[in-house]
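Take a look at the structure set out below.
Both ligands and their constituent atoms are indexed starting at 1 by order of listing. We number each residue from 1, following the sequence as shown.
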Amino acid sequence: MDNKCFIAGLPNAGKTTFLAALMNLISADNYDSKLKLHRIENVQYLANLSEKWVNMEPLERTFQTNEHKDITINLELPNKETVDLYLPDLSGETFQKIYAVHEIPEELANYIIEADTFLFFVNVKNVKELGLISEHFRDQNNEESINTKPLTRDPKEHDPLQIQIIQLLRIFLHLRKNKKIKIGFMFSAWDLMKSNCSEMKPEQFLNERMNMLSQYCNSNPQYIEYYTWGISAQGGELEQKDSLLDKEYPYQRILVESNDDYIGNDLTLPLYLLIGD
Ligand SMILES: Nc1nc2c(ncn2[C@@H]2O[C@H](COP(=O)(O)OP(=O)(O)OP(=O)(O)O)[C@@H](O)[C@H]2O)c(=O)[nH]1
Ligand SMILES: [Mg+2]
């Protein structure tokens, strides 16, 4: 069995950190994750990431020149069957380019067409609190010098995150001739929600903080089957390194929260539920 899982997300969404933590978890002998490493080729890239992740060293940004498209991990399922999982580590700029200039390399388009499942990463840090339009204008009027220069719109910079994500999903569907997308929204840096004492569940985060995306997904059930997860692959901010390195095992830093009762370390759970037995 094989599964092509397409990892998507704009810059700084948490894609590479997820892969680094995943590599550590599936290889850990003392943790019983749903998916375990069975075999891997081209291990070097993930092994390097995982080593940095263990030591809480900052991971490099993925630029278009150092994308890794050829990651395949052979994983063992709980029923002992194995699955070849394709997980490319692409640069957020690649997705910005698809959005802003509608430019997509043929290889990538084929990947999107053939993908069985999608993980879409959104860093909760990049999701702005919603405000009232009246508040927006009040704040603008309070600014001492109002900038009267016309704004040059840079779609990547200025367009709201939700608009960019919805447009990307529409492009994915267009390429797939509307073949259904099975997608897990991975709200990364979920530790920040917890440190703000938020009781919010991932689904509620989507509904309340990204309500346009939520409406888009919920009004298109024939094209989009979606799930939501809160994940912290890093465990906290890099500045909290000292306390995070104190844990007995690195995987104990990971936090995964579902919409039902699951709160734990198993970063493979969203993947396992998405790809199915
Ligand atoms: N607090 C916190 N920060 C995180 C977590 N995961 C990632 N980050 C931070 O989010 C930023 C982006 O993480 P990356 O994994 O590099 O994001 P990416 O999606 O690969 O980004 P590009 O390579 O630019 O496309 C980094 O500064 C990380 O330190 C997390 O679980 N918690
Ligand atoms: Mg990256």
Answer yes or no: is there a donor N or O on one side and an acceptor on the other, between the side chain of Asn259 and the main chain of Glu203, under 3.5 Å? yes
Between the side chains of Glu225 and Tyr227, is a donor N or O closer than 3.5 angstrom to an acceptor N or O? yes
Parallel, tilted or perpendicular, judged at 30° and 60°: which one describes the rings of Phe172 and Phe120? tilted
N or O contacts of ligand 1 with protein under 3.5 Å, please list pair by pair.
from: ligand 1; atom 1: 1 (N); to: Asp191; atom 2: OD2; distance (Å): 3.0
from: ligand 1; atom 1: 1 (N); to: Gly236; atom 2: O; distance (Å): 3.4
from: ligand 1; atom 1: 1 (N); to: Glu237; atom 2: OE1; distance (Å): 2.7
from: ligand 1; atom 1: 3 (N); to: Gln234; atom 2: NE2; distance (Å): 3.4
from: ligand 1; atom 1: 10 (O); to: Asn123; atom 2: ND2; distance (Å): 3.4
from: ligand 1; atom 1: 15 (O); to: Thr16; atom 2: N; distance (Å): 3.4
from: ligand 1; atom 1: 15 (O); to: Thr17; atom 2: N; distance (Å): 2.9
from: ligand 1; atom 1: 15 (O); to: Thr17; atom 2: OG1; distance (Å): 2.5
from: ligand 1; atom 1: 17 (O); to: Gly14; atom 2: N; distance (Å): 3.0
from: ligand 1; atom 1: 19 (O); to: Ala13; atom 2: N; distance (Å): 3.0
from: ligand 1; atom 1: 19 (O); to: Gly14; atom 2: N; distance (Å): 3.0
from: ligand 1; atom 1: 19 (O); to: Lys15; atom 2: N; distance (Å): 2.9
from: ligand 1; atom 1: 19 (O); to: Lys15; atom 2: NZ; distance (Å): 2.8
from: ligand 1; atom 1: 20 (O); to: Thr16; atom 2: N; distance (Å): 3.0
from: ligand 1; atom 1: 20 (O); to: Thr16; atom 2: OG1; distance (Å): 2.8
from: ligand 1; atom 1: 21 (O); to: Asn12; atom 2: N; distance (Å): 3.0
from: ligand 1; atom 1: 23 (O); to: Thr62; atom 2: N; distance (Å): 2.8
from: ligand 1; atom 1: 23 (O); to: Thr62; atom 2: OG1; distance (Å): 2.8
from: ligand 1; atom 1: 24 (O); to: Asn12; atom 2: N; distance (Å): 3.4
from: ligand 1; atom 1: 24 (O); to: Arg61; atom 2: NE; distance (Å): 2.5
from: ligand 1; atom 1: 24 (O); to: Arg61; atom 2: NH2; distance (Å): 2.6
from: ligand 1; atom 1: 25 (O); to: Lys15; atom 2: NZ; distance (Å): 2.8
from: ligand 1; atom 1: 25 (O); to: Gly92; atom 2: N; distance (Å): 2.7
from: ligand 1; atom 1: 29 (O); to: Gln234; atom 2: OE1; distance (Å): 2.8
from: ligand 1; atom 1: 29 (O); to: Gln234; atom 2: NE2; distance (Å): 3.3
from: ligand 1; atom 1: 31 (O); to: Asp191; atom 2: OD1; distance (Å): 3.4
from: ligand 1; atom 1: 31 (O); to: Ser232; atom 2: OG; distance (Å): 3.2
from: ligand 1; atom 1: 31 (O); to: Ala233; atom 2: N; distance (Å): 3.1
from: ligand 1; atom 1: 31 (O); to: Gln234; atom 2: N; distance (Å): 3.0
from: ligand 1; atom 1: 32 (N); to: Asp191; atom 2: OD1; distance (Å): 2.7

Do Thr16 and Asp89 have side-chain N/O donor and acceptor atoms under 3.5 Å apart? yes
How are the rings of Trp190 and Phe205 set to each other: parallel, tilted or perpendicular (split at 30° and 60°)? perpendicular
Answer yes or no for Arg61 and Phe63: cation-pi contact, defined as NZ/CZ to six-membered ring centre under 6.0 Å and angle to ring axis within 45°. yes
Relative to each other, are the rings of Tyr45 and His68 parallel, tilted or perpendicular (30° and 60° limits)? parallel
With a cut-off of 2.8 Å, which protein N/O/S atoms are close to the Mg ion (ligand 2), if we only count those under it? Thr16 OG1, Thr62 OG1
Decide salt bridge (charged side-chain N to carboxylate O under 4.0 Å, His left out) for Asp159 and Arg153; before the verdict, give the C-alpha distance in whole Å, the side-chain angles of both, and the deciding distance to 0.1 Å. CA-CA 8 Å; Asp159 291 0; Arg153 171 174 165 255; 2.7 Å; yes
Ignoring hydrogens and angles, state whether a donor on the side chain of Glu114 or Tyr86 is under 3.5 Å from an acceptor on the partner side chain. no
